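Below is a structure I'd like to ask you about.
Keep in mind that what you see is a predicted model, and the values were worked out from it rather than measured. In what follows, every chain begins at residue 1, and chains take the letters A, B, ... in the order their sequences are listed.
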There are 2 protein chains.
Amino acid sequence: MSKQSIKLSVDAVVFGYEEGNISVLLIKRKYAPFKGNWAIPGGFVLNNESLEDAVERELFEETGIKINYLEQLYTFGMPDRDPRGRVVSIAYFALVRPDAFKIAASTDAEQAQWFNINELPELSFDHNEILKAAIERLQGKITYEPLGFELLDTKFPFSDLEKLYSTLLGRAVDRRNFRKKIIGLNVLDELDEKSSKGSGRPANLFQFNQKRYFQLKKEGIIFEI
Amino acid sequence: MSKQSIKLSVDAVVFGYEEGNISVLLIKRKYAPFKGNWAIPGGFVLNNESLEDAVERELFEETGIKINYLEQLYTFGMPDRDPRGRVVSIAYFALVRPDAFKIAASTDAEQAQWFNINELPELSFDHNEILKAAIERLQGKITYEPLGFELLDTKFPFSDLEKLYSTLLGRAVDRRNFRKKIIGLNVLDELDEKSSKGSGRPANLFQFNQKRYFQLKKEGIIFEI
DNA sequence: ACAAAAGTGTTCGATCTACACCCATGA
DNA sequence: TCATGGGTGTAGATCGAACACTTTTGT
């Protein structure tokens, strides 16, 4: 067996959401190959850091963002995926809340930018494939894990949650049935606050109760929408 | 950034099934570390092979087995998971049919051995964790993907499928309801053959129709049990 | 008073669950 | 003829889908 000379990198697909738009954070590459092209943020793993640490470090270095949900997506390892040589990349999947989303959108406009997932540019390497896998994961997982709350502010009106789901699932959801179902899951706390943005009746704010969710999950109750 | 010296390996959790028993293929390590201990088969990735090729090569070298279903499970990358240095391992999940199962069980008895998943030994490295993840994946995925057929002979009586599911799910399944549901999925062909092993009325044999399954999947019909 | 978004129940059909007897074969 | 596993239908309960009017606020 010849000495191994494979390099290891991590890449992260970061999703953000605001007002019916799902966005992905991309960076413009500064060096060859694919110089000037858009790419998913990422980079090489250091010898003594965990993979998750590598993701968070690279994300912070390249985009300044601080994510609040991270999970491993898939490892891409085709021998020819990087023209520089053999690079195996462990792709991650991250979610940020609207506040981080807005901050990141206002700074660093040249290097890192949010793209609506329906208006994506051609990406470098096999990043289109990675992004596709990430979108499928998000759409699939949102129906059986409470991921949606990671994309909203901690306090949110029901209509935000509903709009998020209808956007992600790509179809209308019935307001009454949706509310019944979510309330029935028993993982939301209704707050005494009301939102009052603009016209119409102010909405009660809700908050995801993670503690209760983990409790119910341990008892075998499954989240499903 | 210091030069990267991370090594890359693949490991495969291979499941086999026979008569109500789910087994995992393990090897006894020949060299330190963990010499003489049981471990999941695997090894280092070569520079020019894909990850899947590496898995199949290592499996064949170490156990002689030829698997018929393979999917990536998870990548394990904690810096201290291997005492020899930094080794990141991409774990795979494989299924074999009973015929391969029986052949592998009869040869190489010293190096590779099947273990019932309820009677597992202590494993090397973080392989207990990997195995746990694989078992959870198998149990979870079997309810929404037609994985079960990969563990049975291509022609099988309904009762085999039923027993497999009740074993994997860890609970009794109602024979009539189960049959109704599976038949309703419309992915089984009923053959004109009958099995006649021992006593009792001979059972009709069925066969999974993968073509029809992919067809239905494309149309959005989902497999669920 | 009207525009705009929030909040709320009921009915119908589909699906799931529970359950027990007859059938075909080999010994 | 008996033991063994294979094959089948129905009724009640539960769950999901469809659907429209009233409430609260700002202008």
- Query: Around atom CZ of B/Phe60, are there more than 12 heavy atoms of other residues, nucleotides or ligands at under 6.0 Å?
  - Reply: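 No - once you tally the heavy atoms of other residues, nucleotides and ligands closer than 6.0 Å, there are 12 at most.
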
- Item | Option passing ring-ring contact (aromatic ring centres under 6.0 Å, His included) with B/Tyr165 (candidates B/Phe149, B/Tyr17, B/Phe178, B/Phe158) | B/Phe178

- Query: Could you state the CZ-C1' distance from A/Arg175 to D/dA17, rounded to the nearest angstrom?
  - Reply: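 Taking CZ of A/Arg175 and C1' of D/dA17, I get 16 Å after rounding.
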
- Task: Can you sort out the partners of B/Gln210 under side chain to side chain donor-acceptor pair (under 3.5 Å), two or more places apart, ordered by chain and number?
- Result: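 B/Gln210 satisfies side chain to side chain donor-acceptor pair (under 3.5 Å) with no residue once adjacent residues are dropped.
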
- Query: Are A/Phe93 and A/Tyr74 near enough that their ring centres are under 6.0 Å apart?
  - Reply: no

- Ignoring backbone atoms, establish whether B/Arg179 has a side-chain N or O less than 4.0 Å from OP1 or OP2 of D/dG7.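 For D/dG7, OP1/OP2 do have a side-chain N/O of B/Arg179 under 4.0 Å.
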
- Query: Should A/Phe125 and A/Arg29 count as side-chain neighbours, where that means a heavy-atom distance under 4.5 Å?
  - Reply: yes

- Task: May I ask you to say what B/Asn204 touches in the nucleic acid, namely base, sugar-phosphate or nothing, with a heavy-atom cut-off under 4.0 Å?
- Result: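 Answer is sugar-phosphate: B/Asn204 comes under 4.0 Å of backbone atoms only.
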
- Taking the six-membered ring of B/Phe76 (Phe, Tyr or Trp), confirm whether the NZ or CZ of B/Arg81 is under 6.0 Å from its centre and within 45° of its axis. no

- Message: Could you tell me how far apart B/Glu190 (CD) and D/dT8 (C1') are, to the nearest whole angstrom?
- Response: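 After rounding, the gap between these two atoms is 13 Å.
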
- Reading nucleotides 22-27 of chain D from the 5' end, what letters show protein touch, with B for base, S for backbone sugar-phosphate only, - for no heavy atom under 4.0 Å? -BBBS-

- Spacing of B/Asn177 atom CG relative to D/dG9 atom C1', expressed in whole Å: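 Atom-to-atom, B/Asn177 to D/dG9, this comes out as 11 Å.
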
- Message: In whole Å, I'd like the distance from the NZ atom of B/Lys180 to the C1' atom of D/dA11.
- Response: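 Taking atom C1' of D/dA11 as the reference, NZ of B/Lys180 is at 11 Å.
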
- Message: For chain B and DNA chain C, what are the first and last nucleotides along the strand, 5' to 3', with at least one atom under 4.0 angstrom from a heavy atom of the protein chain?
- Response: C/dC16 to C/dG26

- Message: Expressed as a whole number of angstroms, how long is the span from B/Lys163:NZ to D/dG6:P?
- Response: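 Spelled out: NZ on B/Lys163 to P on D/dG6 is 8 Å.
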
- Side-chain contact test, heavy atoms from C-beta onward, threshold under 4.5 Å: evaluate it for A/Pro146 versus A/Val187 and give yes or no. no

- Is it true that A/Lys141 and A/Glu71 have a side-chain N and a carboxylate O under 4.0 angstrom from each other?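 Yes, this pair counts.
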
- Query: How long is the line joining CG of B/Asp174 and C1' of D/dG9, in whole Å?
  - Reply: 12 Å

- Aromatic ring proximity, centroids under 6.0 angstrom, B/Phe156 and B/Phe208: no

- Query: What's the CD1-C1' distance between A/Ile182 and D/dG16, to the nearest Å?
  - Reply: 14 Å

